[in-house]
2 protein chains.
Amino acid sequence: MNDVARAAGVSQATVSFVLNDRRDIPVAPATRQRVLEAASTLRYRTDRRAQELRIGRSTTIGVVSHGVASHPFAGSILRGLQREALRRSHAVMVIDVDVEATAADVTDAVAGLVDRGVGAVVHASAGTRPVQIGDVDGAVRTAFVACWPADGSAPGEALLLPDDRGGGRAVAAHVLGLGHRSIAFLGGPARDHARRERERGLDEALGLAGLPLDSVRRFDGDYGTRSGYRLAARVLEGDDRPSALLCGNDQMALGAYLAARDLGLRVPHDLSIAGYDDQEALANQLVPELSTVALPHDALGARAAEILIGDPPPEPVTEFVECEVVVRESTSPPPLNTY
Amino acid sequence: MNDVARAAGVSQATVSFVLNDRRDIPVAPATRQRVLEAASTLRYRTDRRAQELRIGRSTTIGVVSHGVASHPFAGSILRGLQREALRRSHAVMVIDVDVEATAADVTDAVAGLVDRGVGAVVHASAGTRPVQIGDVDGAVRTAFVACWPADGSAPGEALLLPDDRGGGRAVAAHVLGLGHRSIAFLGGPARDHARRERERGLDEALGLAGLPLDSVRRFDGDYGTRSGYRLAARVLEGDDRPSALLCGNDQMALGAYLAARDLGLRVPHDLSIAGYDDQEALANQLVPELSTVALPHDALGARAAEILIGDPPPEPVTEFVECEVVVRESTSPPPLNTY
DNA sequence: GTGAAAGCGCTAACAG
DNA sequence: CTGTTAGCGCTTTCAC
């Protein structure tokens, strides 16, 4: 900055003023111009560390990602977050911790972030589940995306979740609307939060349609393709084969695709299949393309950035972001349609 | 730090000495102990920004990820990188740029990183392809993981690539070794680097086996599941159906699975299929489990951290990291085996 | 062994 | 409108 000042023939303070575009300090247009030029020819860039040190605020937000590596689409959360952060000239620093990280591991991660001056941290997961948050002592602004503190503590300034119940209701309504009455629900683990919400959504849709809850058979899977395969094979081999499968996620739907084909069933002609997640490079690439529910990861990430960079909300916010069903080719009216 | 000094009844400098564990400055064990205790009860943490500002070196390394969001397993690169960085008490700051980012976009990304004091940046991609690097003017140490500068400039201190040729050779040898003589290669785009290397590997394996290069039919896909489906359907429907398919990646192999089933072919009984990438949650989840080639993303990331945190190598290093074939269930000897 | 003081690159009073 | 200066939290030289 001194070099720029010298080159422009002004004081270093003046350089700071024009570079930070401070409108309250008047600077002669000509001077201003000289400074800008000097800065540009010298390829000057302000050192954020020094700047932050001085102003006492941070221009970077940290994210603790609880197992990106294990989840293909965590990228979207990051993307939304980053885009929004960038718009507010903030940077994003991420540190990935294992899905099975202990509280101590996470404490280290958060500490590393805080030591480097992040002004806020967002915990992000792709699975909508409890995560370890470590012992951070409320030292930093925090938000949660698709996860919440495993230890039951308060979820910082914001708890941002996909509206899985609504999504579950929406796909169910879609399939019901097509005329299906014999449906199987191939869900995630029985204790999984998302699975439960989605199933409740299903129940709501059933209620709305005036159908008994036990008209849909339900199974527990593990969100893996193989479990989708196994469950689908089992239900499809029995008598009174369902005409539609509501899968816990796209991976399980893929398993169902494989199982259906192995049994000589055509999708969607003989069997409709719906997924959940709208996983990139999967749902829209399948043959036939998979009807599914889009998870609003990008929006969730963006919202987190928005909240944490702005003024702290008077009280913690909890938001459920809508999950839209995206209808593609794998769902159609049931065969032998009788209405 | 002043608070700690006061609490321990020593000067602030002494606190710095013991906290940084400087063995060249002798400190009385008792004093040392008092400082440590004070620091811990006050929950003191050193501000890396101030520290870096003073010492003039950085303890964080930046990564420009060229399209994480679009590639499911970029996470592994990050993971390896982070693990290695952590071992050397560095942090990792990532910024994701779009796959189609312009040089200007990338310049901004790198600048954001450098302004925040990263000591080095690694460009990472999941696709092994040229990437924009922006105009960074050699201002910072740089390495490339699974990518290289699109503008033909020198690849910084290190160019780290998967050995796709070796991987291609290895799968081909595996399938050839099983006895297959009628093979089709369903590759990625004709101009794609990885596709070409993998195909060269195939040629080498053919040469080693004393087989003519034209004994394997080759097709161009786009690494998407649908293109795998389309290509497989085409080649499988024709006369002299191949007994084995070498796919450009796991996604295409999945397409081939789907196509094979649609034609009533059993894998691997009627048809062997091999993928490439060993994509998490895909390859090992398919039914049957997919034989494929593992990409060493984790190792690549780790190596980048190792190089950039250590002393600069005297001259740029280029390393090819081995891709191992992982044999699972989708490959077996051909039907009507005649040897 | 320990402490005082300078300075890393920056911002923000305040004086001119 | 511009320049001087103190100080953000730290490290390190040098004197005690």
Side-chain angles (χ1 to χ4, degrees), chain A residues 1-36 38-39 42-60 89 91 111-119 139-140, chain B residues 1-36 38-39 42-60 89 91 111-119 139-140:
Chain A
M1 211 171 213
N2 272 315
D3 296 344
V4 176
R6 208 171 304 121
V10 300
S11 81
Q12 182 249 28
T14 304
V15 175
S16 173
F17 295 149
V18 351
L19 258 24
N20 290 350
D21 208 24
R22 297 202 31 162
R23 305 229 45 190
D24 50 328
I25 316 278
V27 173
T31 312
R32 177 188 185 67
Q33 192 54 36
R34 280 210 316 285
V35 171
L36 258 16
L42 290 180
R43 301 180 130 267
Y44 170 82
R45 313 217 91 238
T46 122
D47 184 324
R48 296 294 205 199
R49 289 172 302 186
Q51 186 181 53
E52 291 183 2
L53 189 57
R54 177 64 235 234
I55 65 181
R57 286 178 282 107
S58 169
T59 58
T60 116
S89 49
L113 254 16
V114 174
D115 294 348
R116 282 171 183 82
V118 305
V140 67
Chain B
M1 210 172 213
N2 272 314
D3 296 342
V4 176
R6 208 169 306 121
V10 300
S11 80
Q12 183 247 29
T14 305
V15 176
S16 173
F17 296 147
V18 352
L19 258 24
N20 290 351
D21 208 24
R22 296 202 34 163
R23 306 228 44 189
D24 51 330
I25 315 277
V27 173
T31 313
R32 177 188 184 68
Q33 193 53 35
R34 281 210 315 285
V35 171
L36 258 15
L42 290 179
R43 301 180 132 266
Y44 169 82
R45 313 217 92 237
T46 123
D47 184 326
R48 295 295 208 202
R49 290 172 303 186
Q51 186 180 54
E52 292 183 2
L53 189 58
R54 178 62 235 234
I55 64 180
R57 286 178 282 108
S58 169
T59 58
T60 117
S89 48
L113 254 16
V114 173
D115 293 348
R116 280 171 184 81
V118 307
V140 66

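Each chain gets a letter, A, B and so on, in the order its sequence line appears, and its residues count up from 1.
- Contact of the A:Thr60 side chain with the B:Arg116 side chain is registered, since non-hydrogen atoms from C-beta on lie closer than 4.5 Å.
- Contact annotation for B:Leu53: base contact, defined as any heavy-atom pair under 4.0 Å involving a base atom.
- Rounded to a whole Å, the CZ atom of A:Arg116 is 15 Å from the C1' atom of D:dG9.
- Contact between the side-chain N/O atoms of B:Thr31 and the OP1/OP2 oxygens of C:dT2 is found at a separation under 4.0 Å.
- In this structure, CG on B:Leu53 lies 13.0 Å from CZ on A:Arg54, to the nearest 0.5 angstrom.
- The salt bridge (charged side-chain N to carboxylate O under 4.0 Å, His left out) check on A:Arg49 picks up A:Asp47, B:Glu52, with sequence neighbours excluded.
- When all heavy atoms of A:Gly117 and A:Ser58 are compared, the pair lying nearest together is O-OG, 2.6 Å.
- Remark: P of D:dT2 and CD of A:Gln33 are 13 Å apart, rounded to the nearest angstrom.
- Each salt bridge (Lys or Arg N to Asp or Glu O under 4.0 Å) pair with one or both residues in residues 25-35 of chain B, not counting sequence neighbours, appears once here: B:Asp21-B:Arg32.
- The nearest whole Å value for the distance from the CG atom in A:Asp47 to the C1' atom in D:dC8 is 13 Å.
- Positionally, the nearest nucleotide of DNA chain C for B:Val27 lies more toward the 5' end than for the other of B:Val27 and A:Met1.
- The CZ atom of B:Arg45 sits 11 Å away from the P atom of D:dC10 (whole-angstrom rounding).
- Atom CG in A:Asn2 sits roughly 13 Å away from atom P in D:dT5 (whole-Å rounding).
- For the pair A:Gln51 CD and D:dC10 C1', the computed distance is 18 Å after rounding to whole Å.
- For B:Ala28, counting side-chain heavy atoms from C-beta on, the closest listed nucleotide (C:dT2, C:dC10, D:dT11) is C:dT2.
- We find that CZ of A:Arg57 is positioned 12 Å from C1' of C:dA12, with the value rounded to whole Å.
- The A:Arg54 side chain lies nearest to C:dG9 when the options are D:dC10, D:dT2, C:dG9.
- Comparing D:dT2, D:dG9, C:dT2 by their closest approach to the side chain of B:Ile25 singles out C:dT2.
- Looking at every heavy atom in both residues, A:Ala5 comes nearest to A:Ser11 through CB-C, 3.7 Å.
- Within the model, atoms OG1 of A:Thr14 and CE of A:Met1 stand 10.0 Å from one another, a figure rounded to the nearest 0.5 Å.
- Residues from residues 11-23 of chain A with heavy atoms under 4.0 angstrom of DNA chain D, sorted by number: A:Ser11, A:Ala13, A:Thr14.
- Computed from coordinates, the A:Ile55 CD1 to C:dT11 C1' distance equals 8 Å when rounded to whole Å.
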